[in-house]
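Within every chain, numbering begins at 1; the chains are lettered A, B, ... in the order of the sequence lines, protein sequences first and strands thereafter. Predicted model only: the values in this text are computed from it and were never measured.
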2 protein chains.
Amino acid sequence: MAARPAKKSIRNEIAILREHLAQHELRVTSQREIILETFLKMEHVTAEQIYHELTKRTPHIGLATIYRTLNLLCECGLAQQRHFGTQTHFDNVSHKGHHDHMICTQCGTIIEFENCDIEKLQEEVARRHKFHITTHKLELYGQCSTCHGKA
Amino acid sequence: MAARPAKKSIRNEIAILREHLAQHELRVTSQREIILETFLKMEHVTAEQIYHELTKRTPHIGLATIYRTLNLLCECGLAQQRHFGTQTHFDNVSHKGHHDHMICTQCGTIIEFENCDIEKLQEEVARRHKFHITTHKLELYGQCSTCHGKA
DNA sequence: TCTGATATTGATAATGAATCTCTTTATTAT
DNA sequence: ATAATAAAGAGATTCATTATCAATATCAGA
């Protein structure tokens, strides 16, 4: 099956993926682009959720391929892994820079945020310990406004 | 087997565990105290590591018990879970308050730190989103001073 | 456009961490 | 001491993720 024409809205991401593939002597496949397309539509997903979303379509895409492709998207910088409970979630970070999360432990809602001041303080702490940061993960757990009222 | 006399240095932690057990109508057992003792000696551990450490001694302590007890220690506030790679690590937080980590992605060294200013900023961001923080996780990944020289 | 080399897929087996089950043993209140 | 029952141990089980491998698709070069 040949690679499909990219929709306008996700052309950038498709381009990023293709460039990564070219640079690593990997091949452009319809599965990879279908998974990327689905991933971008969903923002925060597990491999299972994408698999479930794609069971409807033919030809069938296997779970192993979903996992392989999601890991690939992480390598391109399009996705970012996050552990929540027993599952690994993949977050879309293509259209924005690095960002962090507030996670409601009751309903699972995820609020994204970005804070330069916090990052500056991180750098400062690191400097004090002669540590060189390449990346970081900040997750705030608690209750979103909706759930806080109920409990 | 009867509960063993607590060594001076870990009396506090043993006391915390016993109080938690009493409050929840759970029982004091030698396994729980042996696991706690081993845990405190090792600072950052996986269940497997404790299991391996304890294979030497008799009577044998099962892996399931290690898992059960480590979860118990988290409930007492003596330990804190952290996901790293595929395994769950348990960190000793008994002698200090909540703290965060810098993790060297090359050698695995963990540097602990605490920063109130960062936490204040977190609260501020949360307030802006009407989010109520109960806990958080901050991990900085990169290279420690030793590894940074080499690479 | 065809072809060969080989990357990728899909189905499923395998792995591995963590939990559950169930029988035996240990603890604790009376 | 004894009864009630929590906990331990051993191993089965679960579930997410990865590895295997035969069949298929991609792509560079003829």
- Query: Using a cut-off of less than 4.0 Å, is there contact between a side-chain N or O of A:N71 and OP1 or OP2 of D:dT18?
  - Reply: yes
- At their closest point, which heavy atom of B:M102 faces which heavy atom of B:F113, and how far apart are they? CE-CD2, 3.6 Å
- Note on the structure: Heavy-atom nearest nucleotide on DNA chain D taken for B:G62 and for A:T88; more 5' hit belongs to B:G62
- Shortest non-hydrogen separation from A:V28 to A:E33 and the atoms involved: CG1-OE2, 3.5 Å
- Task: For the residue pair B:N92 and B:E43, confirm or rule out a side-chain donor-acceptor distance under 3.5 Å.
- Result: yes
- Message: Would the base of C:dT6 count as contacting A:R27 through its side chain, where contact means a donor and an acceptor less than 3.5 Å apart?
- Response: yes
- Using a heavy-atom cut-off of under 4.0 Å over every strand shown, decide if B:R68 touches base, sugar-phosphate, or nothing. base
- Message: Tell me whether the side-chain N/O atoms of A:Y67 come closer than 4.0 Å to OP1 or OP2 in D:dT17.
- Response: yes
- Query: Contact class for A:T46 (heavy atom, under 4.0 Å): base, sugar-phosphate, or nothing?
  - Reply: nothing
- So, do B:H44 and B:H89 have ring centers that fall under 6.0 Å from each other? no
- Message: For a quick check under 3.5 Å, do B:H129 and A:E112 share a side-chain donor-acceptor pair by atom type?
- Response: no
- Query: Once you round it to whole Å, what is the distance between C1' of D:dT17 and CZ of A:F90?
  - Reply: 9 Å
- When you match B:A47 and B:L26 each to their closest nucleotide on DNA chain C, which lands nearer the 5' end? B:A47
- Message: Rounding to an integer number of Å, can you tell me how far B:Q23 CD sits from D:dA6 C1'?
- Response: 18 Å
- Item | Spacing of B:L63 atom CG relative to C:dC20 atom P, expressed in whole Å | 14 Å
- Message: Is there a side-chain contact between B:H60 and the phosphate of D:dA10, meaning an N or O under 4.0 Å from OP1 or OP2?
- Response: yes
- Message: From C-beta outward on B:R32, which listed nucleotide comes closest to its side chain: D:dC27, D:dA10, D:dA8?
- Response: D:dA8
- Task: Examine D:dG9: is either OP1 or OP2 under 4.0 Å from a nitrogen or oxygen in the side chain of B:Q31? Give yes or no.
- Result: yes
- Which residue lies more 5' along DNA chain C, comparing A:Y51 with B:H83 via nearest heavy atoms: A:Y51
- Query: In whole Å, what is the span from the CZ atom of A:R18 to the P atom of D:dC27?
  - Reply: 9 Å
- Starting from C1' on C:dT9, measure out to CD on A:E33 and report it in whole angstrom. 15 Å
- Assign the ring pair A:H60 / A:Y51 to parallel, tilted or perpendicular, where the plane angle (0 to 90°) is split at 30° and 60°. perpendicular
- B:I61 has a side chain; which of D:dA10, D:dG9, C:dA17 sits nearest to it? D:dG9
- Item | Between D:dA16 (P) and A:F84 (CZ): distance, integer Å | 15 Å
- Task: Calculate the interatomic distance between A:L72 atom CG and C:dT9 atom C1'; express it in whole Å.
- Result: 14 Å
- Item | Value in whole Å for how far the C1' atom of C:dG10 lies from CZ of A:R57 | 16 Å
- Item | Nucleotide nearest A:T65 (side chain, heavy atoms from C-beta), chosen from C:dG10, D:dC27, C:dA11 | C:dG10
- Query: Quick one: is B:T29 getting a side-chain N or O under 4.0 Å of the D:dA6 phosphate, OP1 or OP2?
  - Reply: no
